[in-house]
Engineer: 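Quick one: the structure is below, and I'll ask about it shortly.
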Amino acid sequence: MIRSFSRFKRKMLAVARRASTTALNAIKGAGQDEGRFFEFQDTENHTYRYKLKNGVIKAYRNKEKLGPVDCFKFNPASSELFDGYTEISLPQATGRRRILPELAVLARDAGVSGLENYLQYVQIRTQPGRKWKVITTRGVYVRQMFSTNGQILDALPFRKTVVEIEAKQIMDQLWVRHEDGWSLVSKTNNDGTKRVLMRIEENEFSAEKKATETKTSKKKLTRVGSRKSAKTHGSIRSMKTQDSFQSMKKYNSMSNITNGSVADFDSEDIFSRLALRRTSQP
């Protein structure tokens, strides 16, 4: 029974692959052994397939395995795509409209750069100069591109502040680029809750400034030489400070609980893991 089912499954996959000879094809496998692949033909009727498995894209040309893909490069002038092995001449009709957007999704899921500009459903959220502060005690990875599978360059520790160069909203993920690379700001969980890793530092500054102005105005209204009023304001100030510390602790504890399974950072030993990775590299 199992053999007949697997034989039927192979036949169905073969039919689906033959149906892609004119343009392109993308199939998501049902099991871990299959993965996803993307297939299309160039202007000379050569068939190219890019298979994503275990976070790695492998290139095939006319069913011949070429190897893993580290980066894509596309030349808009000549409409040629380079995958590290072959310069592929894409069809004019389906090249930029269908092939590149589909291949860009596969590349982003694998953390392969070069086709980010052809991703669909990307919203620009850029406000250069904004300051973002890490609010999770576990830190946030710095990656080469805006993907949780992108190459890890470094990590931002807790309370580290970075200055935004650009920001992009990709589906449910908000990414910000700073001088060190890309970092994940927030994403949406499967249950609809939001995971927040970084927040805008300017909001905190503006709140502190507003509180300072309020205290200054109240102090001016206080009668000079009144010790009772001074003590009262001191107690109010201390109460506000305690409340702010309590709210900050509550927010950070909630963010730590919420961010416990975020894919863009690991456990508490994120920095020691990065150090071990650097020492193991030649």
Engineer: Is a side-chain donor or acceptor of Thr43 paired with a backbone partner of Pro91 at a separation under 3.5 angstrom?
Structural biologist: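 Answer holds: no.
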Engineer: Roughly how far apart are Leu100 CG and Gln120 CD, rounded to 0.5 Å?
Structural biologist: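 Leu100 atom CG to Gln120 atom CD measures 10.5 Å (nearest 0.5 Å).
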Engineer: Kindly give the heavy-atom pair with the smallest separation between Pro101 and Arg96, and that separation in Å.
Structural biologist: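 For Pro101 versus Arg96, the nearest heavy atoms are CD-O, 3.3 Å.
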Engineer: Take Tyr50 and Phe72 through the ring-ring contact (aromatic ring centres under 6.0 Å, His included) test and state the conclusion after the steps.
Structural biologist: CA-CA 12 Å; Tyr50 297 93; Phe72 285 104; 5.5 Å; yes
Engineer: To the nearest 0.5 Å, what is the distance between NZ (Lys65) and CZ (Arg49)?
Structural biologist: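 Here the rounded value is 13.0 Å.
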Engineer: For the residue pair Ala110 and Ile57, what are the closest heavy atoms and their distance?
Structural biologist: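 Minimum heavy-atom contact is CB-CG1, 3.6 Å.
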Engineer: Are Trp182 and Ile200 in one and the same hydrophobic cluster, where Ile, Leu, Val, Met, Phe, Trp and Tyr link if side-chain heavy atoms are under 4.5 Å apart?
Structural biologist: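 Yes: a chain of side-chain contacts under 4.5 Å links Trp182 to Ile200.
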Engineer: Distance check, rounded to the nearest 0.5 Å: Leu184 atom CG versus Leu174 atom CG?
Structural biologist: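 Spacing of CG (Leu184) from CG (Leu174) equals 8.0 Å.
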Engineer: Kindly indicate whether the side chain of Arg138, heavy atoms from C-beta on, has any atom under 4.5 Å from the side chain of Thr136.
Structural biologist: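 Touching, per the 4.5 Å side-chain cut-off.
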Engineer: Is there a side-chain contact between Thr86 and His46, using heavy atoms and a 4.5 Å cut-off?
Structural biologist: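 Answer no - side chains too far apart.
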Engineer: Distance alone, cut at 3.5 Å: any donor-acceptor contact between the side chains of Ser147 and Asn149?
Structural biologist: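 No, Asn149 and Ser147 have no side-chain donor paired with an acceptor closer than 3.5 Å.
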Engineer: Sub-3.5 Å donor-acceptor pair from the side chain of Arg108 to the main-chain atoms of Phe146, do we have one?
Structural biologist: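 Yes.
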Engineer: Nearest 0.5 Å please: distance from the CD atom of Glu80 over to the CD atom of Glu87.
Structural biologist: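 Result: 5.0 Å between the selected atoms.
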Engineer: For residues Phe37 and Lys58, determine if any side-chain heavy atom of one lies less than 4.5 Å from a side-chain heavy atom of the other.
Structural biologist: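 No; the side chains remain at least 4.5 Å from each other.
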Engineer: State, with a plain yes or no, whether a side-chain heavy atom of Glu39 is found less than 4.5 Å away from one of Tyr60.
Structural biologist: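 Not touching, per the 4.5 Å side-chain cut-off.
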Engineer: Should Val162 and Met145 be regarded as members of a common hydrophobic cluster, given that ILVMFWY residues are connected when their side-chain heavy atoms come within less than 4.5 Å of each other, either directly or indirectly?
Structural biologist: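 No; Met145 is not reachable from Val162 via cluster members.
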Engineer: Report the distance from atom CZ of Arg199 to atom OG1 of Thr161, rounding to the nearest 0.5 Å.
Structural biologist: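 One gets 10.0 Å once the value is rounded to the nearest 0.5 Å.
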Engineer: If Ile, Leu, Val, Met, Phe, Trp and Tyr residues are connected whenever their side-chain heavy atoms lie under 4.5 Å apart, and connections chain through other members, are Met171 and Val176 in the same group?
Structural biologist: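 Both belong to a single hydrophobic cluster.
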Engineer: Flag the pair Leu115 / Leu81 as yes when at least one side-chain heavy-atom distance between them is below 4.5 Å, and no otherwise.
Structural biologist: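 Sidechains of Leu81 and Leu115: in contact.
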Engineer: Is any side-chain heavy atom of Ser79 closer than 4.5 Å to one of Phe74?
Structural biologist: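 Side-chain contact under 4.5 Å: yes.
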Engineer: Distance-only, no hydrogens or angles: does the Asp83 side chain make a donor-acceptor pair with backbone N or O of Tyr85 under 3.5 Å?
Structural biologist: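 Yes, Asp83 side chain to Tyr85 backbone: donor-acceptor pair under 3.5 Å.
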Engineer: Grab the two heavy atoms, one from Val56 and one from Pro68, that are nearest each other, plus how far apart they are.
Structural biologist: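 That would be CG1-CB, 3.9 Å.
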Engineer: Going through the checks in order, is the side chain to side chain contact (heavy atoms under 4.5 Å, CB included) test met by Trp175 and Thr148?
Structural biologist: CA-CA 10 Å; Trp175 290 83; Thr148 53; 4.0 Å; yes
Engineer: Taking C-beta and beyond as the side chain, do Asp154 and Asp180 meet within less than 4.5 Å on heavy atoms?
Structural biologist: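 Counting from C-beta outward, Asp154 and Asp180 never come under 4.5 Å.
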Engineer: Exactly one of Arg125, Gln127, Arg177 should register a side chain to side chain donor-acceptor pair (under 3.5 Å) with Glu166. Which one does?
Structural biologist: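 So, applying the side chain to side chain donor-acceptor pair (under 3.5 Å) to Glu166 and each of Arg125, Gln127, Arg177, only Arg177 qualifies.
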Engineer: To the closest 0.5 Å, what do you measure between CD (Gln151) and SG (Cys71)?
Structural biologist: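 Gln151 atom CD to Cys71 atom SG measures 11.0 Å (nearest 0.5 Å).
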Engineer: Any salt bridge between Glu164 and Arg130, counting N to O under 4.0 Å?
Structural biologist: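 A salt bridge links Glu164 with Arg130.
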Engineer: Go through His178 and Ser183 one step at a time and tell me if the side chain to side chain contact (heavy atoms under 4.5 Å, CB included) criterion holds.
Structural biologist: CA-CA 8 Å; His178 44 87; Ser183 295; 2.9 Å; yes
Engineer: Counting only heavy atoms not in Lys168, do more than 12 sit closer than 6.0 Å to its NZ atom?
Structural biologist: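 Yes, the 6.0 Å shell around NZ holds more than 12 heavy atoms from other groups.
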Engineer: Taking the side chain as every heavy atom from C-beta outward, state whether Val105 and Leu119 have any atom pair closer than 4.5 Å.
Structural biologist: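 A side-chain contact under 4.5 Å exists here.
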Engineer: Test of understanding: with side chain to side chain contact (heavy atoms under 4.5 Å, CB included), list the residues that count as partners of Asn45, not counting sequence neighbours.
Structural biologist: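 Testing Asn45 for side chain to side chain contact (heavy atoms under 4.5 Å, CB included), a comparison that skips the adjacent residues, returns Gln41.
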Engineer: Is the backbone of Ile99 close enough, under 3.5 Å, to the side chain of Thr94 for a donor and an acceptor to pair up by distance?
Structural biologist: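 Here the side-chain-to-backbone pair does not exist.
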